[in-house]
Peer 1: 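Sharing a structure with you now.
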Amino acid sequence: DDVAERVKYPAMYVELLLVERDGELSGDYRARYKILDQAVSPEVTFQIRGAAGSATSAKLAWISRDNAKGLVEMTLRSPNVLHVSWWTTEFGPRPTLGSGTGTLIRQQAH
């Protein structure tokens, strides 16, 4: 069972800008997915905010511009590798993906 065959909409681009300030994380998630049937928008964007959690993991709330809401879990696998899983708990008015997962590699802002 190949992972690529199980992923209906693979990510083409994912970006997570995350800032920790006084024990709170906030940031922006932006992604573009390969959508062949155009059933949903290929763009996913939302803002993350919540308590930083442990040194290696956090579960935070997110909200999109069209008021969709959900949760995101982040786990630091190594100093520069972050595993992210997100899912929708309340959909907005337009059709969109309901969940996603990925492993992101940190790039320091210049």
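The structure displayed is predicted, hence computed values, not measured ones.
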Peer 1: Taking the side chain as everything from C-beta on, heavy atoms only, tell me whether V14 gets closer than 4.5 Å to L104.
Peer 2: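 The answer is yes, as the side chains (C-beta and beyond) meet within the 4.5 Å cut-off.
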Peer 1: Can you list every salt bridge (Lys or Arg N to Asp or Glu O under 4.0 Å) pair that touches residues 11-21, not counting sequence neighbours?
Peer 2: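 Qualifying pairs, neighbours excluded: E15-R30.
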Peer 1: Quick one: list whatever passes side chain to side chain donor-acceptor pair (under 3.5 Å) with S41, sequence neighbours left out.
Peer 2: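 Side chain to side chain donor-acceptor pair (under 3.5 Å) list for S41, sorted by chain: R94.
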Peer 1: With sequence neighbours left out, write down each residue that passes salt bridge (charged side-chain N to carboxylate O under 4.0 Å, His left out) with R77, or none if nothing qualifies.
Peer 2: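 Testing R77 for salt bridge (charged side-chain N to carboxylate O under 4.0 Å, His left out), a comparison that skips the adjacent residues, returns none.
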Peer 1: Check side chain to side chain donor-acceptor pair (under 3.5 Å) between S78 and all other residues, then give those that pass, not counting sequence neighbours.
Peer 2: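 Here no residue qualifies.
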Peer 1: Give a yes or no answer on whether the side chain of S54 reaches the backbone of S57 with a donor-acceptor pair at less than 3.5 Å.
Peer 2: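 Judged by distance alone, yes, a pair lies under 3.5 Å.
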Peer 1: Rounded to the nearest 0.5 Å, what's the gap from CG on L82 to CD1 on I105? Could you check?
Peer 2: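 Reported value, rounded in 0.5 Å steps: 11.0 Å.
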Peer 1: Can you name the residues that form a side chain to side chain donor-acceptor pair (under 3.5 Å) with T96, not counting sequence neighbours?
Peer 2: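 Residues passing side chain to side chain donor-acceptor pair (under 3.5 Å) with T96: none at all.
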Peer 1: Under the rule for salt bridge (charged side-chain N to carboxylate O under 4.0 Å, His left out), what residues qualify as partners of E24, not counting sequence neighbours?
Peer 2: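 Partners of E24 under the salt bridge (charged side-chain N to carboxylate O under 4.0 Å, His left out) test: R49.
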Peer 1: Could you give the distance from OG1 (T45) to CD (Q47), rounded to the nearest 0.5 Å?
Peer 2: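 If I round to the nearest 0.5 Å, the distance is 6.5 Å.
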Peer 1: Residues in side chain to side chain contact (heavy atoms under 4.5 Å, CB included) with T101, at least two apart?
Peer 2: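 Per chain and number, T101 pairs via side chain to side chain contact (heavy atoms under 4.5 Å, CB included) with H83, S85.
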Peer 1: NZ/K59 to CD/E73 distance, rounded to the nearest 0.5 angstrom?
Peer 2: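 Result: 5.0 Å between the selected atoms.
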Peer 1: Tracing side-chain links under 4.5 Å among I, L, V, M, F, W and Y, which residues wind up in one group with W87?
Peer 2: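 Its cluster partners, ordered by chain and number, are L71.
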Peer 1: Got a sec, which residues hit side chain to side chain donor-acceptor pair (under 3.5 Å) with R106, two or more places apart in sequence or on another chain?
Peer 2: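 By the side chain to side chain donor-acceptor pair (under 3.5 Å) rule, R106 matches N80.
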Peer 1: According to salt bridge (Lys or Arg N to Asp or Glu O under 4.0 Å), does anything in residues 79-90 pair up with another residue at least two apart or in another chain? List the pairs.
Peer 2: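 Not a single pair qualifies under salt bridge (Lys or Arg N to Asp or Glu O under 4.0 Å).
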Peer 1: Would you check if L16 and V84 make a side-chain contact, meaning some heavy-atom pair closer than 4.5 Å?
Peer 2: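 Yes, close enough: below the 4.5 Å cut-off.
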Peer 1: Can you name the residues that form a side chain to side chain contact (heavy atoms under 4.5 Å, CB included) with L60, not counting sequence neighbours?
Peer 2: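 Once residues adjacent in sequence are excluded, the partners of L60 under the side chain to side chain contact (heavy atoms under 4.5 Å, CB included) criterion are L25, I48, A58, V72, M74.
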Peer 1: Holding to ring-ring contact (aromatic ring centres under 6.0 Å, His included), I want the full list of residues that pass it with F46, two or more places apart in sequence or in another chain.
Peer 2: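 Scan of F46 (ring-ring contact (aromatic ring centres under 6.0 Å, His included), adjacent residues dropped) gives Y29, W62, W86.
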